[in-house]
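Each remark here refers to the structure printed beneath this line.
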Amino acid sequence: ARVSTLRGLIPLRHLVEGDFTDSGHVSAHWRKGVKPVIAVTTALGYRVVCTPDHKIQRSDLTWVEAQCSIKDKVRLIPPTFAEKYHTVYFNDTPSMQSAITVNDDIGRLLGYFMGDGSLYFGKGARHPLQSHAELDICCTRRDQDVIENVCKLWMDVFGQEPSRKVHKAGNAGGESVRHAYHTYGPFFYKLGALHRAGTDNKWMRKVCVPECIWQSPRSVVREFLKGLYESDGHIVKKQGTVLLFSKYPEFLRDVQLLLLGFG
């Protein structure tokens with residue numbers, strides 16, 4: 001479970017003494033061994049995984065154990081985002097430390113990447129930190145404003161000018177914004193957006209809310225959601241509903257939690 005702190009939405013296991021949460025400061029923490037857990041899901045799809053005796057607050061401000069909460073109406077509290085930009089630190093070499101400060105532009109770029117991005121490593125690539133890679137974000141050709149925005153972000157974040165390739169399909173088709181460079185693999189790896197997957201165990205995009213987004217302020221989270229919904233969201237006009245599609249249920253639950261932070 002994630003807990004709202006001034007550092008952002010932090011996994012419970014990563015809280016430290018002094019962290020300020022919605023319930024006050026953390027005065028102490030300790031491990032209580034391994035216990036069975038249950039998943040409590042509301043009618044709206046919000047979920048918490050916890051021990052059976054974990055207390056959940058009802059809408060009338062009384063408390064009930066999770067295992068006894070079926071049919072109770074529970075209270076949802078919008079989570080609190082971090083107060084300032086999050087910086088990811090890493091060691092390029094044992095004696096040299098570098099950093100990436102996740103600003104609004106990087107937030108938007110990560111949203112596009114999670115929705116319509118891919119990163120291709122050539123044959124024989126062993127690790128993203130040591131391999132040349134091609135970054136590709138495929139857009140709908142009709143959305144020239146989005147394509148221009150992706151190109152601008154590319155220049156602002158990487159200082160590189162990408163190429164554009166049109167894919168004809170029906171009346172719309174797509175247009176890829178792409179470029180190969182040695183820094184793309186390290187960039188997305190250090191921000192937690194890559195993992196090994198597939199039958200050949202290749203490095204590829206990890207569809208997730210990266211940890212750096214969880215620890216970012218509202219403005220960065222907003223830009224991440226903008227890029228994501230521009231990529232994989234659509235509007236059902238008859239219902240007036242905005243939908244997001246993904247084949248990853250856990251990813252959708254995480255996006256749902258981010259959206260709750262906006263009320």
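All values reported here derive from a predicted model rather than from experimental measurement.
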Could you check whether any side-chain heavy atom of Leu257 comes within less than 4.5 Å of a side-chain heavy atom of Pro79, counting everything from C-beta outward?
yes

Ring center gap for Trp214 and Phe81 short of 6.0 angstrom
no

Does the side chain of Glu148 reach to within under 4.5 Å of the side chain of Val146, using non-hydrogen atoms?
no

Ignoring hydrogens and geometry beyond distance, is a side-chain donor-acceptor pair present between Gln57 and Arg75 at under 3.5 Å?
yes

Ring centres under 6.0 angstrom apart (Phe158, Tyr181)
no

Please check this pair: side chain of Thr41 against backbone of Gly45, looking for a donor-acceptor N/O pair closer than 3.5 Å.
no

Keeping Thr62 on the side-chain end and Arg58 on the backbone end, is there a donor-acceptor pair under 3.5 Å?
no

Using modelled atom types only, decide if a donor and an acceptor are shared between the side chain of Ser163 and the backbone of Arg178 within a distance under 3.5 Å.
yes

Which heavy atom in Arg205 sits nearest to a heavy atom in Asp116, and how many Å separate them?
NH1-N, 4.1 Å

Taking C-beta and beyond as the side chain, do Asp136 and Val177 meet within less than 4.5 Å on heavy atoms?
no

Over 12 foreign heavy atoms within 6.0 Å of CD1, Ile235
no

Less than 3.5 Å apart, any donor N or O on the side chain of Thr5 or Thr21 sitting next to an acceptor on the other?
no

A side-chain contact here means heavy atoms from C-beta on lying under 4.5 Å apart; do Phe251 and Leu228 qualify?
yes

Report yes if some heavy atom in the side chain of Phe188 is under 4.5 Å from a heavy atom in the side chain of Thr183; otherwise report no.
no

Donor-acceptor pair, distance only, cut-off 3.5 Å: does the side chain of Asp143 make one with the backbone of Thr140?
no

Spell out, as yes or no, whether a donor-acceptor pair under 3.5 Å connects the side chain of Ser4 to the backbone of Thr80.
yes

Does the Gln215 side chain pair with the main chain of Tyr85, one donor and one acceptor, at a distance under 3.5 Å?
no

Is the backbone of Ser27 close enough, under 3.5 Å, to the side chain of His25 for a donor and an acceptor to pair up by distance?
no

Return yes if some donor-acceptor pair links the side-chain N/O of Arg196 with the main-chain N/O of Met204 below 3.5 Å, else return no.
no

